[in-house]
Amino acid sequence: MNKDNFFEMVFEVVRQIPYGRVTSYGAIAEFLGAKRSSRMVGYAMNGAGKATPPVPAHRVVNRAGMLTGKAAFGSTDLMQELLEREGIKVKNDKIVDFKTVFWHPESLLES
DNA sequence: GCAATGACTGGAG
DNA sequence: CCTCCAGCCATTG
């Protein structure tokens, strides 16, 4: 079954990520109130490419800013391309100035 | 319902 | 910020 509740809220947050910004699985999990379920966030992203509308999963990386899920895009180079496309510099499968482009989900609370 | 899995995280070196 | 170890948790077989 697609669009499960847990996946849904993860997709929602990821879709709210502004252009040229990235966030981490733990940040999303924490925002959802399930910081312990950080792994589930990544797991949910596994269905992101199959979800509708598709979510910018390339904007979601681990806490180190490493493109851990690049393999799930089908093309490992695709994720880096998309990130650079947004103005984000990627070096050795890791985001440059990660803390600078990092986006906090809690920013949604600020209208 | 139990066992295995995984796009993770925090603590320590 | 990098590497290794152990803990958490929902989905799947």
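Just so it is clear: chains get the letters A, B, ... in the order the sequence lines come, proteins before strands, and each one is counted from 1. For the numbers below, each heavy atom of this structure counts, side chains included, while hydrogens, waters and symmetry mates do not.
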Find the distance [X]:[atom1] to [N]:[atom2] and express it as a whole number of Å.
X	N	atom1	atom2	result
A/M45	C/dT11	CE	C1'	16 Å
A/Y25	B/dG10	OH	P	14 Å
A/R39	C/dA6	CZ	P	14 Å
A/M9	C/dA10	CE	C1'	10 Å
A/L78	B/dA7	CG	P	17 Å
A/L32	C/dA10	CG	P	12 Å
A/F102	C/dC1	CZ	C1'	15 Å
A/I28	C/dC9	CD1	C1'	16 Å

Using modelled atom types and a 3.5 Å cut-off, is there a donor and acceptor pairing between side-chain atoms of [X] and backbone atoms of [Y]?
X	Y	answer
A/K35	A/G33	no
A/N92	A/K94	no
A/R59	A/I17	yes
A/T76	A/K70	no

* Should A/S37 be listed as having a side-chain N or O under 4.0 Å from OP1 or OP2 of B/dC8? -> no
* To do: May I ask you to evaluate whether A/K35 reaches the phosphate of B/dC8, defined as a side-chain N or O under 4.0 Å from OP1 or OP2?
  => no
* Within the structure shown, what part of the strands sits under 4.0 Å from A/N46 by heavy-atom distance: base, sugar-phosphate, or nothing? -> base
* If you look at every strand shown and take non-hydrogen atoms under 4.0 Å, does A/A57 touch a base, only sugar-phosphate, or nothing? -> base
* Pair of N/O donor and acceptor under 3.5 Å linking C/dA10 base with A/Y43 side chain -> no
* **Polar side-chain contact A/R36-C/dC9 base: donor and acceptor under 3.5 Å** => no
* **side-chain contact (heavy atoms from CB on, under 4.5 Å) between A/V101 and A/L83, intermediate numbers included** => CA-CA 11 Å; A/V101 296; A/L83 288 170; over 6 Å; no
* Out of B/dG11, B/dA7, C/dT11, which nucleotide sits closest to the side chain of A/R63? -> B/dG11
* **Shortest side-chain distance from A/N62, nucleotide among C/dC2, B/dC8, B/dA7** => B/dC8
